[in-house]
Colleague: 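This is the structure I want to talk about, given as structure tokens.
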Number of protein chains: 2
Amino acid sequence: MDHELLIALGKQSFASERPNHCAQCGIRELCLGSGLDLHQVSGLADVVVERRRVEQGKVLYEQGAPFTHLFAIASGSSKAVARSDDGRLQIAALALRGDVVGFLGAASGTQPVTVVALENSVFCVIPYRHLLRRISQNQLIGTQFHRLVARVMQQRQQAFLFTASANAERRICGFLLWFSDQLAARKQHFTEFSLPLSRTDIADFVGLRLETVSRAFTRLCDLNLIEAKGRHIRIPDVQALRSWFSASR
Amino acid sequence: MDHELLIALGKQSFASERPNHCAQCGIRELCLGSGLDLHQVSGLADVVVERRRVEQGKVLYEQGAPFTHLFAIASGSSKAVARSDDGRLQIAALALRGDVVGFLGAASGTQPVTVVALENSVFCVIPYRHLLRRISQNQLIGTQFHRLVARVMQQRQQAFLFTASANAERRICGFLLWFSDQLAARKQHFTEFSLPLSRTDIADFVGLRLETVSRAFTRLCDLNLIEAKGRHIRIPDVQALRSWFSASR
DNA sequence: CGGAAGCTTGAGTAAAATCAAAGAAGGTGG
DNA sequence: CCACCTTCTTTGATTTTACTCAAGCTTCCG
């Protein structure tokens with residue numbers, strides 16, 4: 001079938017999709033609906049007003065934008081980029097399928113980071129006001145939302161931990177284990193996967209130079225701990241990689 | 001006056017204190033009550049069931065404990081310590097007056113870190129169920145809670161940013177600016193203060209060795225950017241320090 | 001006074017950043 | 001389908017930086 005046509009159909013299907021499809025959403029259990037039964041999920045119906053496609057490298061929202069919406073990642077992934085006063089960019093966070101982004105803006109009413117799609121992605125647009133209304137109507141939705149926010153915080157915390165470790169190979173190892181864990185939590189293949197980040201992105205995220213990242217990858221390959229070909233990664237023995245991480249410093 | 005007596009009086013005053021003192025609390029504007037008027041704050045009355053003193057170095061809660069309570073720091077500060085499988089300790093987060101700790105446990109129902117008081121501290125004990133009930137009764141309390149959680153997340157994010165930067169002096173500089181900003185947000189002196197952390201704690205937090213931290217401090221002193229004597233820090237010109245941070249790499 | 005932490009300083013070593021260049025991969029248009 | 005361009009990635013040689021091990025110092029406390 002023609003590629004263009006497929007894309008057109010894809011757009012069509014999204015355009016025609018009713019916003020209130022939480023009940024049929026494939027990532028329901030990762031997202032706000034987790035733990036709710038079908039009847040309760042239908043209570044989320046009008047929380048998501050639309051779905052927004054964002055192409056790879058394109059911006060979901062800019063640093064400085066007012067905080068009015070949250071975004072749940074229906075598919076794809078994103079990075080949060082912080083621009084410091086001197087113009088340097090730094091990756092503050094990564095978010096995958098099922099994660100909610102944009103919550104940080106609640107602190108000040110202004111988004112502190114720019115969010116960029118790492119691949120072609122689809123975001124569920126959640127007006128914060130809608131969500132608050134639903135929470136006040138159903139306490140369970142509130143606890144689910146808290147659980148979701150806490151999960152995202154914990155992801156970030158874990159990322160913090162391996163970022164602070166000294167050794168370059170250990171950082172990359174920690175990053176790969178972290179990413180693998182994220183995939184496992186999403187019931188995706190976690191021993192063989194494709195990283196949505198470039199070497200530069202990884203370097204920015206873990207706090208190394210890209211050459212050092214590249215060398216660390218080849219070194220981990222030489223140790224037969226991973227098989228890396230570009231962004232494609234295979235972990236033959238996750239347990240072995242994990243114990244190597246613990247053993248190294 | 002006798003020292004023991006003073007402590008006894010202190011304990012007395014806390015023991016006798018009604019739990020519902022949010023309305024009179026000195027850190028109200030940092031905490032759940034921020035943005036609420038006095039009448040609304042009184043709605044928080046029974047959210048805090050007690051206040052708990054924790055001495056320096058003592059544990060507020062252990063990693064693995066069930067998630068049942070949140071804790072707001074009425075005074076003092078704390079560190080979140082993660083113990084990895086191999087027994088190594090790492091500082092995952094710092095929390096100061098007005099911050100809420102314990103929320104990460106909401107993700108899995110189990111606390112992922114151990115929280116230790118950095119100085120003699122007082123924590124407001126908030127049963128999560130109480131909070132949920134209040135949130136469902138008053139939507140404003142929900143938004144305030146979100147704001148509070150987002151603020152804590154943002155603090156951690158900012159810490160992540162300087163931790164990932166290459167240079168040791170820059171990391172320490174970033175840490176000091178971060179800490180100073182935290183104090184400023186709490187309307188405390190932010191150009192002259194006492195760090196509640198030892199050099200070892202700082203090292204664990206920013207991902208350096210303690211000798212390197214020490215050398216970075218003396219180097220920043222030599223550059224007249226700070227005056228450091230042990231834990232006591234003075235920043236003669238915050239703007240200068242900030243621009244040095246931006247200029248360095 | 002003596003002991004124990006915590007902090008600083010020094011010299012040598014290991015590691016990552018830097019500068020530089022070449023090799024793969026992916027997309028575009030002929 | 002191929003040649004060409006751009007972007008991403010790897011590798012090498014050198015310099016800079018942080019780690020390591022070691023010793024001395026300060027501060028606090030019994």
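Proteins get letters first, then strands, A, B, ... in listed order; numbering begins at 1 in each.
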Colleague: Can you work out whether B:G230 or A:R215 has the more 5'-proximal nearest nucleotide on DNA chain C?
Modeller: B:G230

Colleague: Using a cut-off of strictly less than 4.0 Å, decide whether B:T218 has a side-chain nitrogen or oxygen near OP1 or OP2 of C:dT9.
Modeller: yes

Colleague: Nearest to the side chain of A:R209, which nucleotide is it out of C:dA17, D:dC19, D:dT9?
Modeller: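 Nearest to the side-chain atoms of A:R209, counting from C-beta on, is C:dA17.
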
Colleague: Are more than 12 heavy atoms from other residues, nucleotides or ligands located less than 6.0 Å from atom CZ of B:R186?
Modeller: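 More than 12 within 6.0 Å, yes.
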
Colleague: Check the phosphate of C:dC7 against B:S214, side-chain N and O only, distance under 4.0 Å to OP1 or OP2. Yes or no?
Modeller: no

Colleague: Is it true that a side-chain atom of B:R52 and a backbone atom of B:V125 form a donor plus acceptor pair closer than 3.5 Å?
Modeller: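 Checked: no pair found.
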
Colleague: Mind checking B:R171 for me? I need base, sugar-phosphate or nothing, with any heavy atom below 4.0 Å counting as a touch.
Modeller: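 Since no nucleic acid heavy atom lies under 4.0 Å of B:R171, the category is nothing.
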
Colleague: Measure from CD1 on A:I172 to C1' on D:dT10 and round the result to the nearest Å.
Modeller: 14 Å

Colleague: Under 4.0 Å between a Lys/Arg side-chain N and an Asp/Glu carboxylate O for A:R242 and A:D181?
Modeller: yes

Colleague: Name the closest nucleotide to the B:R199 side chain, picking from C:dA17, C:dT8, D:dG12.
Modeller: C:dT8

Colleague: Taking the axis from the first five pairs and the axis from the last five, what angle separates them in the helix from C:dC1-D:dG30 to C:dG30-D:dC1, rounded to 10 degrees?
Modeller: 40°

Colleague: Taking CG from A:N167 and C1' from D:dT17, how many angstroms apart are they, rounded to a whole number?
Modeller: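 Whole-Å distance recorded here is 15 Å.
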
Colleague: Yes or no on ring pair (Phe, Tyr, Trp, His ring centres under 6.0 Å) for B:F71 and B:Y61, after CA distance, side-chain angles and deciding distance?
Modeller: CA-CA 10 Å; B:F71 304 89; B:Y61 62 79; 5.6 Å; yes

Colleague: Provide, to the nearest angstrom, the distance between the CG atom belonging to B:D201 and the P atom belonging to C:dA5.
Modeller: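 Taking CG of B:D201 and P of C:dA5, I get 15 Å after rounding.
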
Colleague: Rounded to the Å, how far apart are A:L197 CG and D:dC8 P?
Modeller: 13 Å

Colleague: Test of understanding: with side-chain contact (heavy atoms from CB on, under 4.5 Å), list the residues that count as partners of B:R199, not counting sequence neighbours.
Modeller: B:I202, B:V213, B:F217

Colleague: Could you tell me if A:R170 sits above the aromatic ring of A:F245, with its cationic atom closer than 6.0 Å to the ring centre and no more than 45 degrees from the axis?
Modeller: yes

Colleague: B:K229 side chain: which of D:dT9, D:dT27, D:dT20 is closest?
Modeller: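 From the listed options, D:dT27 comes nearest.
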
Colleague: Can you tell whether the side chains of A:K79 and A:D204 come within less than 4.0 Å, N to carboxylate O?
Modeller: no

Colleague: To the nearest angstrom, how far is A:F217 atom CZ from D:dT11 atom P?
Modeller: 13 Å

Colleague: For A:L208, report the nucleic acid contact type (base, sugar-phosphate, nothing); a contact means any heavy atom under 4.0 Å.
Modeller: sugar-phosphate

Colleague: In whole angstrom, give the distance that lies between atom NE2 of A:H232 and atom P of C:dA25.
Modeller: 13 Å

Colleague: Test A:F179 against every option in A:F190, A:F162, A:F193 by the ring-ring contact (aromatic ring centres under 6.0 Å, His included) rule and name the one that passes.
Modeller: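 Result: among A:F190, A:F162, A:F193, A:F193 is the only option passing the ring-ring contact (aromatic ring centres under 6.0 Å, His included) with A:F179.
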
Colleague: Taking the minimum atom-to-atom distance to the side chain of B:E211, which one of D:dC19, D:dT9, D:dC21 wins?
Modeller: D:dC21

Colleague: Quick one: the side chain of B:R231 and the base of C:dG6, do they pair up donor-acceptor inside 3.5 Å?
Modeller: no

Colleague: In whole Å, I'd like the distance from the CD atom of A:E55 to the P atom of C:dG27.
Modeller: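 To the nearest whole Å, that distance equals 13 Å.
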
Colleague: What is the distance from CG of B:D222 to C1' of C:dT9, rounded to the nearest Å?
Modeller: 12 Å

